[in-house]
Amino acid sequence: MTATASNVDVLVVGAGHAGCEAAAAAARLGARTLLLAMNLDTIGHLSCNPAIGGLAKGQLVREIDALGGLMGRAIDATGIQFRMLNTGKGPAVQAPRAQADKVAYRSWVKYAVECQPGLLIRQETVEEVLVRNDRVTGVRCKSGAEYSARAVILTTGTFLRGLMHTGTKKEVGGRGGEAAAEGLSRCLIELGFELGRLKTGTPARLDGRSIDRSVLIEQPGDTDPEPFSFSTERIEQSQLSCHIAYTTEETHRIIRENLHLAPMYTGQIESEGPRYCPSIEDKVVRFADRPRHQVFLEPEGRQTHEVYVNGLSTSLPREVQDRFLRSIPGLEQAEVMRYGYAVEYDFAPACQLHVTLESRQHEGLYLAGQINGTSGYEEAGAQGLMTGANAALKLKGEAPFLLDRSQAYIGVLVDDLVTESPREPYRMFTSRAEYRLLLRSDNADQRLTPLAAERGLVERDRAEHVQQKVKAIRQGRESLDRTFHEQVSTARILRRPDMDLEGVLALGLLPELASLSADVRRQIEIETKYEGYIERQEATVAKFKRLESLGIPDHLDYRNVEHISNEARNKLSYYRPASLGQASRIVGVTPADISVLMVVLGR
């Protein structure tokens with residue numbers, strides 16, 4: 001089915017990570033889709049750090065891939081360094097991370113969406129969402145053009161009334177060198193949305209030829225890199241090293257003496273920034289007792305000398321940035337190619353959305369990415385995929401595609417967003433996922449690909465491949481249970497702290513397991529070693545599912561519910577939880593309130 005600009009089902013505004021995943025997902029489900037971008041050359045752009053994945057974020061990328069998304073395949077094809085993090089800890093918190101070639105990554109994503117059947121791309125700046133009788137009908141652009149659509153997905157990133165800060169200098173823009181989106185904020189307010197203001201920042205980029213790497217600590221990639229995508233057999237390309245440097249007391253002195261020029265401390269910036277990715281000014285103030293802070297020097301690609309200075313996000317004036325950068329050993333002669341800055345932007349708290357990320361007020365209007373108060377490419381991509389899928393499914397008259405907290409990190413992400421009002425950019429952590437032993441990065445395909453295939457998000461042959469993999473894992477575990485060595489089952493031997501599957505095979509037992517793929521062998525080992533813990537967590541999930549299954553009608557008037565606290569009444573009326581389980585996770589709603597609701601729903 002061919003989309004035309006005047007005749008589409010789903011229209012996506014913004015072509016960052018959320019927008020690309022949303023548009024591709026909607027088109028995969030057969031919706032005639034239009035993707036509008038302010039600049040076609042920045043489709044899929046990595047606007048901050050040149051990396052994909054990381055702790056908890058790597059799990060999100062694996063889940064996006066298991067659902068047929070783009071991000072995992074994009075980084076596998078264009079990565080320049082791959083590392084598995086937390087390998088010294090258990091599998092629940094291990095996660096892949098990769099440095100990307102920023103230009104190659106952007107080109108890969110752009111070409112992928114260009115090649116997606118049913119998806120049309122056009123360069124436009126959207127100024128207004130068109131609504132009739134609380135139902136979205138399309139958008140109006142700065143050019144004067146209007147586009148009709150049955151569903152609209154807003155993925156505006158940091159562009160809504162974006163304002164960039166470097167010292168006392170302020171410049172309107174969503175990121176360096178690009179204009180802000182001014183009209184959409186006004187439109188959303190007129191449509192009844194509550195908007196807030198958030199801040200994020202970025203560090204300087206240096207000319208790598210001006211860095212003395214001889215005094216720095218080299219950080220190479222893994223010798224046998226593990227792909228992100230379950231469809232990538234292996235990473236073939238060579239890897240580049242990153243390097244580690246450290247700030248000094250002199251660095252901190254320069255920063256402290258110039259705090260009066262830092263927008264965060266002068267009152268020029270009033271919005272909240274990401275607590276877990278603070279600026280160097282913030283780190284020097286908050287951790288005044290630390291003599292140094294770690295700095296990661298990350299190459300931005302193979303065909304550029306530009307180096308990203310991870311850990312030194314700043315909005316100090318340019319001349320101050322020059323001084324503190326050159327106080328770091330190895331950077332004494334550093335030449336800045338781009339200076340760091342902070343950016344403020346509007347967002348709409350996601351508690352105004354259903355769990356499908358569709359507006360409660362206006363049918364057919366969906367929001368995804370940083371407009372919902374999140375930070376990070378991975379969080380944005382996950383939301384985009386879910387909105388694209390749900391918009392297309394709704395238009396087909398099918399049930400929504402929902403994931404709960406026991407099924408995916410994506411489920412945790414969405415649930416957190418619609419039951420909280422973030423005061424700072426939301427970032428995913430493994431600690432947010434209470435069932436993280438079940439939600440490992442290594443088993444995302446087993447958890448999600450069959451569900452995606454049922455809804456048409458991935459091809460059937462991919463789901464069949466996962467079924468064969470699950471069968472091989474089950475048979476391997478059964479072999480461990482029924483094979484004995486000195487009257488002890490090999491499964492029990494494998495559970496010993498000092499034993500792994502390779503050690504079991506070295507005993508001359510179960511040679512048939514040696515022919516299985518490394519991925520299958522790893523799953524057999526993990527599931528066997530952690531069997532008791534997994535079973536306990538599955539029992540906890542069963543209790544969770546019972547609460548989640550008790551849906552709450554959206555029209556329930558909490559003012560008429562007796563015997564709940566006033567705080568609970570106000571919070572429940574504001575957040576409108578979809579289930580009793582979701583209601584129980586709203587701050588201010590007590591177990592006693594949940595018990596009352598359970599009785600009311602029983603009636």
Side-chain angles (χ1 to χ4, degrees), residues 46-51 54 80-81 83 97 99-103 164-167 169 175-177 200-221 239-265 273 277-342:
L46 298 167
S47 55
C48 195
N49 65 310
I80 58 178
Q81 189 201 81
R83 295 179 64 224
R97 184 181 190 272
Q99 296 298 132
D101 184 313
K102 291 179 78 165
V103 173
M164 298 180 292
H165 301 260
T166 304
K169 181 183 177 184
R175 60 187 173 213
T200 189
T202 192
R205 276 70 156 178
L206 305 180
D207 187 330
R209 293 167 296 186
S210 66
I211 298 172
D212 180 6
R213 292 179 175 83
S214 67
V215 299
L216 303 179
I217 301 170
E218 184 178 8
Q219 187 182 54
Q239 299 191 66
L240 303 181
S241 288
C242 296
H243 288 80
I244 298 173
Y246 289 93
T247 61
T248 64
E249 291 284 10
E250 176 64 8
T251 312
H252 301 177
R253 183 191 66 77
I254 294 169
I255 292 168
R256 282 193 298 269
E257 289 181 354
N258 288 279
L259 286 175
H260 64 286
L261 300 174
M264 286 291 291
Y265 289 91
C277 188
S279 66
I280 185 60
E281 301 96 279
D282 207 12
K283 286 192 279 191
V284 167
V285 171
R286 286 167 52 189
F287 308 107
D289 58 326
R290 291 196 183 179
R292 66 178 190 172
H293 292 283
Q294 199 169 50
V295 179
F296 294 91
L297 299 171
E298 302 171 341
E300 296 224 332
R302 297 184 189 276
Q303 304 299 317
T304 180
H305 291 291
E306 203 164 350
V307 173
Y308 181 88
V309 190
N310 197 340
L312 288 185
S313 175
T314 184
S315 57
L316 282 164
R318 291 183 169 203
E319 61 273 15
V320 179
Q321 293 186 42
D322 282 327
R323 288 177 58 203
F324 79 63
L325 282 165
R326 290 171 181 166
S327 70
I328 297 171
L331 305 185
E332 292 90 347
Q333 306 300 319
E335 288 294 336
V336 176
M337 297 180 74
R338 306 179 203 232
Y339 286 94
Y341 61 89

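The analysis underlying the following values was restricted to heavy atoms, covering all of them including side chains, and did not include hydrogens, waters or symmetry mates.
Taken from CG in Asp101 to CD1 in Ile80, the straight-line distance is 6.0 Å, to the nearest 0.5 Å. How far CG of Leu312 is from CG of Leu206: 8.5 Å, rounded to the nearest 0.5 Å. Put simply, CZ on Phe324 and OG1 on Thr251 are 8.5 Å apart, with the number rounded to the nearest 0.5 Å. From Thr247, atom OG1 reaches atom CG of Leu325 across 11.0 Å, with rounding to the nearest 0.5 Å. Note that OG of Ser327 and NE2 of His252 are 8.0 Å apart. Values are rounded to the nearest 0.5 Å. Taken from CG in Leu316 to OG in Ser279, the straight-line distance is 7.5 Å, to the nearest 0.5 Å.
Taking the side chain as every heavy atom from C-beta outward, Gln219 and Arg83 approach each other to under 4.5 Å. Taking 4.5 Å as the limit, every side-chain heavy atom of Lys283 sits out of range of all side-chain heavy atoms of Arg290. Looking only at side-chain heavy atoms (C-beta outward), Ile211 and Leu216 come within less than 4.5 Å of each other. Under the 4.5 Å side-chain criterion, counting only non-hydrogen atoms from C-beta, Phe296 is in contact with Gln294. In this structure, the side chains of Val295 and Tyr246 stay at 4.5 Å or more apart for every pair of heavy atoms.
With sequence neighbours excluded, the residues satisfying side chain to side chain contact (heavy atoms under 4.5 Å, CB included) with Arg318 are Thr166, Tyr339. Partners of Asp322 under the salt bridge (Lys or Arg N to Asp or Glu O under 4.0 Å) rule, at least two apart in sequence or in another chain, do not exist in this structure. By the side chain to side chain contact (heavy atoms under 4.5 Å, CB included) test, Arg253 pairs with Glu250, Arg256, Glu257, Arg323, sequence neighbours left out. Evaluation of the side chain to side chain donor-acceptor pair (under 3.5 Å) rule for Ser241 yields Glu218 as partners, not counting sequence neighbours.
Annotation for Ser315 and Glu281: closest pair N-OE2, 3.2 Å, computed over non-hydrogen atoms. Across all their heavy atoms, His243 and Arg213 have their closest contact at CE1-CD, 3.5 Å. When every heavy atom of Arg286 is checked against every heavy atom of Pro278, the shortest pair comes out as NH1-CB, 3.7 Å. Between Val215 and Pro329 the shortest heavy-atom distance is CG2-C, 4.1 Å. Counting all heavy atoms, side chain and backbone alike, Ser313 lies closest to Gly201 at OG-C, 3.3 Å.
Using modelled atom types, one side-chain atom of Ser210 and one backbone atom of Asp207 make a donor-acceptor pair closer than 3.5 Å. Put simply, the side chain of Gln239 never gets that close to the backbone of Pro220: no donor and acceptor are under 3.5 Å apart.
With 3.5 Å as the limit, one finds no donor-acceptor pair spanning the side chains of Tyr265 and Asn258.
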Run the numbers on Tyr308 and Leu297 for side chain to side chain contact (heavy atoms under 4.5 Å, CB included), then give the verdict. CA-CA 6 Å; Tyr308 181 88; Leu297 299 171; over 6 Å; no

Between Phe287 and His293, does the side chain to side chain contact (heavy atoms under 4.5 Å, CB included) criterion hold? Intermediate values first, please. CA-CA 10 Å; Phe287 308 107; His293 292 283; 4.1 Å; yes

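Sorted by first then second residue, the salt bridge (Lys or Arg N to Asp or Glu O under 4.0 Å) pairs that include residues 291-305, not counting sequence neighbours, are Arg97-Glu298, Lys102-Glu300, Arg205-Glu300.
Across Arg175, Gln321, His165, a single residue satisfies side chain to side chain contact (heavy atoms under 4.5 Å, CB included) together with Tyr341, and that is Arg175.
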Mind listing the side-chain donor-acceptor pairs of residues 330-337 below 3.5 Å, one per line with the distance, residues two or more places apart or on another chain?
{"residue": "Glu332", "atom": "OE1", "partner": "Gly330", "partner atom": "N", "Å": "2.9"}
{"residue": "Glu332", "atom": "OE2", "partner": "Gly330", "partner atom": "N", "Å": "3.4"}

